[in-house]
Amino acid sequence: MSSSATSSVALGGGSAEASASKNTSKRPKYSRFTQQELPACKPILTPKWVILTFLISGVVFIPLGVICLFASQGVTEIVDRYDTDCIPLSSRDNKVRYIQGLEDKRCNRTIMVTKTMKNPVYIYYQLENFYQNHRRYVKSRQDGQLRGPKDEHDVKSCAPEDTIGGEPIVPCGLVAWSLFNDTYDFSRNNEKIPVNKKGISWKSDRESKFGKNVFPKNFQKGSPIGGKSLDQHVPLSEQEDLIVWMRTAALPIFRKLYGKIDTDLQAGDTIKVLLQNNYNTYSFNGKKKLVLSTTSWLGGRNDFLGIAYLTVGSICLFLAFFFSVLYLAKPRQLGDPSYLSWNRSAGGGR
Amino acid sequence: MAFIGSVIFGVTTRQDLKDGVIKRWYLRPDSSRIFFDPKRAPLAAVYHFLTAIMLYSYFIPISLYVSIEIVKVLQSIFINQDIHMYYEEADKPARARTSNLNEELGQVDTILSDKTGTLTCNSMEFIKCSIAGTAYGRGVTEVEMAMGRRKGSSLVFQTNENDDMEFSKEAITEESTVKGFNFRDERIMKGNWVTEMNANMIQKFFRLLAVCHTVIPEVDEDTEKITYEAESPDEAAFVIAARELGFEFFNRTQTTIAVRELDLVTGKRVERLYKILNVLEFNSTRKRMSVIVQDEDGKLLLFCKGADNVMFERLSKNGREFEEETRDHVHEYADAGLRTLILAYRELDEKEYKVFNEKISEAKSSVSVDRESLIEEVTEKVEKDLTLLGATAVEDKLQNGVPDCIDKLAQAGIKIWVLTGDKMETAINIGFACSLLRQDMKQIIINLETPEILSLEKTGEKDAITKVSKENVLAQIINGKTQLKYSGGNSDAFALIIDGKSLAYALDDDVKHIFLELAVSCASVICCRSSPKQKALVTRLVKSGNGKTTLAIGDGANDVGMLQEADIGVGISGVEGMQAVMSSDIAIAQFRYLERLLLVHGHWCYRRISTMICYFFYKNITFGFTLFLYETYTTFSSTPAYNDWFLSLYNVFFSSLPVIALGVFDQDVSARYCLKFPLLYQEGVQNVLFSWRRILGWMFNGFYSAIIVFYLCKSSLQSQAFNHDGKTAGREILGGTMYTCIVWVVNLQLALAISYFTLIQHIVIWSSIVVWYFFITVYGELPSNISTGAYKVFVEALAPSLSYWLITLFVVVTTLMPYFIYSALQMSFFPMYHGMIQWLRYEGQCNDPEYCDMVRQRSIRPTTVGFTARLEAKKRSVRRSESES
């Protein structure tokens, strides 16, 4: 509207007419955009670029691989599988019955430290063949209930671990119910090594997902009993074992943080572990392992990334070489016409 | 896939509770609802199947339909906006009336074109003549211009062309005044003919033009300008030509024709009156017209004009003085697409005329059935022993740029059929004018003009006529096929011309397939005298019989059926009303815009949409298959690997815009190169970019990308601590890492696949990736009851961890590597046609004509029609004659 007003003011009769006719013209406006002529870079894979790309990838990847491998190698890790060994010989033919029995399941393990482990040394338990990612399992929890007391009665996704005699279970659901309940006590030269269980969970979980005013209720009261019981007087936000457990693992083999040892372990140390073997992995042939590990900036010990970087890096270098040879040996001809499919089909196709 | 999963799931679920022994007790299989109940495992498996189908629905690119619609609409806007398809004079831009045919524009195999108003602008121009064996007229026909342009490099032609150019420049001012006249020759214009050697002949020639016709003059009272009303535009062109050269026909009475003409002796303009004694009219069997007049001196003259084949045989022995030259000229004219007529005259003596006059009156007044043949017999006797004057050449004015356009389309390997309501001669002429026909082509003409049928028609038994006609047509078709066979499969030089009557039989159910076979193997097909319905039927036959995309183009109401029947109907928004435009899919203003519409927009759209679909499959498979792979680690319980919101937004935010940008903006080669290398269009016709091999290739690419992403992520993020703090990687961390890798991979894959980076491409590709990081951050910051598992995952867990970044870099590069190797190899050693052109452009050799020609030739099967083909044919024949001598 404003434009038409200005034009009628600014221009005299004749020119106004002319501009009007120009306005009504259906001529498309020229712009590089509408004409699809925008400035563009049109890269094609010239030999130079191909070789350069491979070369750069190779040159970047190999050092990265070396660094990763070094980081991973710098991590000391001790793994001790104890699921079978902690069953008395007499009960080995029926492990499930033993684990479900009521007798004392204490078990002593000895761990040799071969390399100095700087603190903090992380203690993990590793379960195998345990499907924490099973759909039924993953869904069987109620996050609202964990956050605050007002959603206590909202337990519908938790069946069958939802209520006991009409009263809601807090925390409800299969995940909480099956909480891992083996315990480890460490001692060196008959001297107890303290295990720090603070800060093993993600901070955000402690602060927002598990309420400070939510206390366990009716937990592990029903039958069968799944795993560990919780202290009714400690709020959920401080039950870090539970918090760690509730972060479900992605794969059927997983480790979860049990605690930290804040002293260095020297090479040659013998560490005695007093172990309560309570958790039933025998029903599903799952393994249980105790893991002590330091970390590097990259995390725990896993050579895969370093090796993979090295492998791909060397493949890249090889390809750079290969392509150089190829381009030298067989400089690009302008294609052979017989490659074009319609030439092939034109002969017999019609 | 879902089925495999369900079976495995069913089996594992059943095993959870076998003989009362609970295996995976943490799942409480003893007290389970139906979905996971081991006691009813088969049923649980069935339910699982449904869940799995929901999960794997990410394989199906649902958003593909929406995206394609958006892209097509945008593409149509670009077509509408194309300034090169805007017709200034009529103020008409191209208009895509539907948007769902864009990609078919790139796959057109056969164009079915109307003639009048589409190829031609329906006006005739007198352009050349040959008088007494001398050729006059330097006007340049469209075809010659086009050929000249192609030949450009040859020096000889260039000088000629320059000549022509001068003349046509000179002519421009005059041209605007006289419509239907495009004759330039200083030798005989402006009265100069008097000084020519054969002035006498020239005088007779133009006198004949001024006298021998059935035109009625109309004199404008005010300006005294004379306009002519003629039965056919070519007659008008003759009379105008005669007027422009000084023989002005200005009045007609019942018995006389008045002409102002130059007197040879005095050099003054005199009015002359010719008394018309008889008019022997034109008809299609006679193919000539004569008038018998008595001039002011009392001399009796018979003026005759007609087609060359009937005229040459009627010349007298001493009237053949210039026959040789005239024949050559006529041949030349016809080859240039001009309509030629031979002019001849004869002086009658009184006695002979009297005899003739009696006979003709007798014949005319007779009422018997064979009146026609009686008249013919009589006229036959008097139209003989003629003296040759010369020949005229009239151009049925083609629309601007038509031969050029047809040549390009022919080079692009598109077949062009002309369906017209005109007579066969006209149609053939236009065929020549458009270079759809040329002299050395073998014409297979199918018609029902054989004597038996004509005689049968007279007797009028309908059934018999039908039967014989059909047999006849069939025989002709089969005959044509055997001719083709004997030519050794070299179908290039055959043209099929069929008239409407025969077409009616050829389109019968039992004949039509043979007809189609014949037609398809001919280089050009012209159907004349065809009704609107036949046009539609032919279109349907080509469409269904060939299975290829057909495009019909026309401007009039009689083309509506054809436009609707064809896959794509293109309407010319010309003068003949709006019906054609209303029923068309795309409306353009001029035939020549078809070239740009198909070769540029069609090719681009086809390429874009096919790449887009392939890519869509790729990106959804990459995504979906990681879900499946993750399932294998959850005993197929259909736990999604990613957060629900990540799942739903994948197709919306993180991968949609780049692919739409691909669909709207990508260009393998620029418009200029599309037009320069028309053969590029064959990529669409042969459908090489959307073949099963290509689709499966992309799907395969998707599968292995998913496999690489999943296994590399999984192996890098095993059970060990994931960061410096000793925390291990949970479900959200693995999911987040994998998702990041996938977003990177699919977007960079797109960047690798496109060949045209504008700012827009850069923005959408990089922003998709940035949006992902932005989303995961913001989403993570939302209260944990909204963000659930993703709460602060990025800020707290992923971003501070170096291994996350290292894994992303490694996985992305590794996943893209195979494709990169593949395309590097292909680009260098097996480039597709567009690849070659890209090389050309890149190496800057596109200005080297020889090199360009090499690329052009490299994959060309010889073009069969168009003036390029004509040039080739000419070269061949020259070479042949040289080698013979």
Side-chain angles (χ1 to χ4, degrees), chain A residues 25-28 30 34-36 38 40-42 44-45 50 57 122 126 131 133-138 143-144 160 174 178 202 204 208-209 247-257 280 283-284 295 297-302 304-305 308-309 312 332 334-335 337 339-343 346, chain B residues 22-28 31 36 78 81 83 86 91 93 633-635 637-639 682 686 688 715-716 718-724 726-731 734 755-758 784-785 788 791-792 796 802-803 806 810 813-814 823-824 827-828 830-831 833 836 838 842 855 858-859 861:
Chain A
S25 159
K26 289 178 202 144
R27 185 187 172 84
Y30 176 84
T34 56
Q35 299 310 309
Q36 311 194 44
L38 286 175
C41 100
K42 302 167 185 167
I44 55 175
L45 296 173
V50 173
S57 320
Y122 295 95
Q126 175 167 340
Y131 287 88
N133 55 17
H134 195 278
R135 187 173 161 83
R136 175 169 161 85
Y137 190 81
V138 168
D143 287 336
L174 290 175
S178 59
W202 293 101
S204 64
S208 336
K209 285 195 175 172
R247 275 243 175 175
T248 48
L251 301 166
I253 299 173
F254 61 89
R255 281 179 198 172
K256 289 203 177 280
L257 206 48
N280 175 11
S283 307
F284 49 88
T295 59
W297 53 271
L298 198 59
R301 181 168 185 133
N302 185 356
F304 176 80
L305 196 59
Y309 259 119
V312 174
R332 184 180 65 83
L334 256 171
Y339 288 128
L340 287 165
S341 57
W342 57 80
N343 278 348
Chain B
I22 301 173
K23 278 182 101 178
R24 293 193 291 187
W25 56 269
Y26 52 92
L27 296 175
R28 285 298 297 272
S31 117
F36 301 99
F78 275 125
Q81 289 290 323
I83 211 157
Y86 168 73
D91 187 29
Y633 285 88
T634 66
T635 59
S637 58
S638 15
T639 320
Q682 278 293 316
Q686 311 264 344
V688 285
S715 306
S716 322
Q718 268 173 339
S719 51
Q720 93 282 7
F722 147 83
N723 62 7
H724 180 62
K727 308 274 197 296
T728 52
R731 229 158 51 79
L734 180 68
S755 41
Y756 185 74
F757 275 98
T758 64
S784 60
N785 55 347
T788 59
Y791 182 65
K792 288 200 172 163
E796 188 184 31
L802 269 171
S803 54
L806 281 174
F810 173 67
V813 172
T814 312
S823 57
M827 192 68 195
S828 298
F830 318 99
Y833 198 64
M836 290 189 211
Q838 284 167 352
Y842 176 78
V855 172
R858 191 156 287 285
S859 46
R861 62 169 175 228

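Quick note: numbers below take in every heavy atom, side chains included, and nothing from hydrogens, waters or symmetry partners. To find a chain, count down the sequence lines: A is the first, B the second, and so on, and within it residues start at 1.
Nearest heavy atom pair, residue B:F810 against residue A:V312, reads CE1-CG2, 3.5 Å. Listed here is the closest heavy atom pair of B:A824 and A:L45: N-CD1, 3.7 Å. Contact detail for B:K727 and A:W202: the closest heavy-atom pair is CB-CZ2, 3.5 Å.
With hydrogens and angles ignored, the 3.5 Å screen pairs a side-chain donor or acceptor of A:N302 with a backbone N or O of B:S715. For the pair A:Q35 (side chain) and B:I83 (backbone), a donor-acceptor distance under 3.5 Å is present.
Of the residues considered (A:P160, A:S57, A:G144), A:P160 shows the highest number of contacts with chain B, using heavy-atom pairs under 4.5 Å. For the set A:S208, A:S204, A:A308, A:S178, the count of heavy-atom pairs under 4.5 angstrom toward chain B peaks at A:S204. Residue with the most contacts toward chain A among B:T814, B:T635, B:L734: B:T635 (heavy-atom pairs, distance under 4.5 Å). Ranked by non-hydrogen atom pairs under 4.5 Å with chain B, the options A:L257, A:I253, A:L174 are led by A:L174. If you tally non-hydrogen atom pairs under 4.5 Å between each of B:S803, B:G726, B:G730 and chain A, the highest count goes to B:G726. Contact count against chain B (heavy-atom pairs under 4.5 Å) is highest for A:R136 among A:Q126, A:K209, A:R136.
For A:N133, the side chain to side chain contact (heavy atoms under 4.5 Å, CB included) partners two or more places apart in sequence, or in a different chain, are A:Y131, A:P252, B:Y630, B:T634, B:R731. Under the side chain to side chain contact (heavy atoms under 4.5 Å, CB included) criterion, A:D143 pairs with A:R141, A:L146, A:R147, sequence neighbours left out.
In this structure, A:I44 and B:M827 have side chains that are in contact, with non-hydrogen atoms separated by less than 4.5 Å. B:Y756 places a side-chain heavy atom less than 4.5 Å from the side chain of A:L38.
For the atom pair B:Q718 CD and A:L251 CG, the distance stands at 8.5 Å (nearest 0.5 Å). The OG atom of B:S638 sits 5.0 Å away from the CZ atom of A:R135 when rounded to the nearest 0.5 Å.
A:Q36 touches chain B through backbone and side chain together, each having a heavy atom under 4.5 Å away. Heavy-atom distances place both the backbone and the side chain of A:V50 under 4.5 Å from chain B. When heavy atoms are compared at a cutoff of 4.5 Å, A:R247 approaches chain B solely by way of its side chain, counted from C-beta outward. For A:A249, the part lying near chain B is the backbone, with the side chain staying farther off; criterion is any non-hydrogen pair under 4.5 Å. With a 4.5 Å cut-off on non-hydrogen atoms, A:F254 touches chain B through its backbone but not through its side chain. Looking at A:F304, only its side chain comes within 4.5 Å of chain B, counting heavy atoms on both sides.
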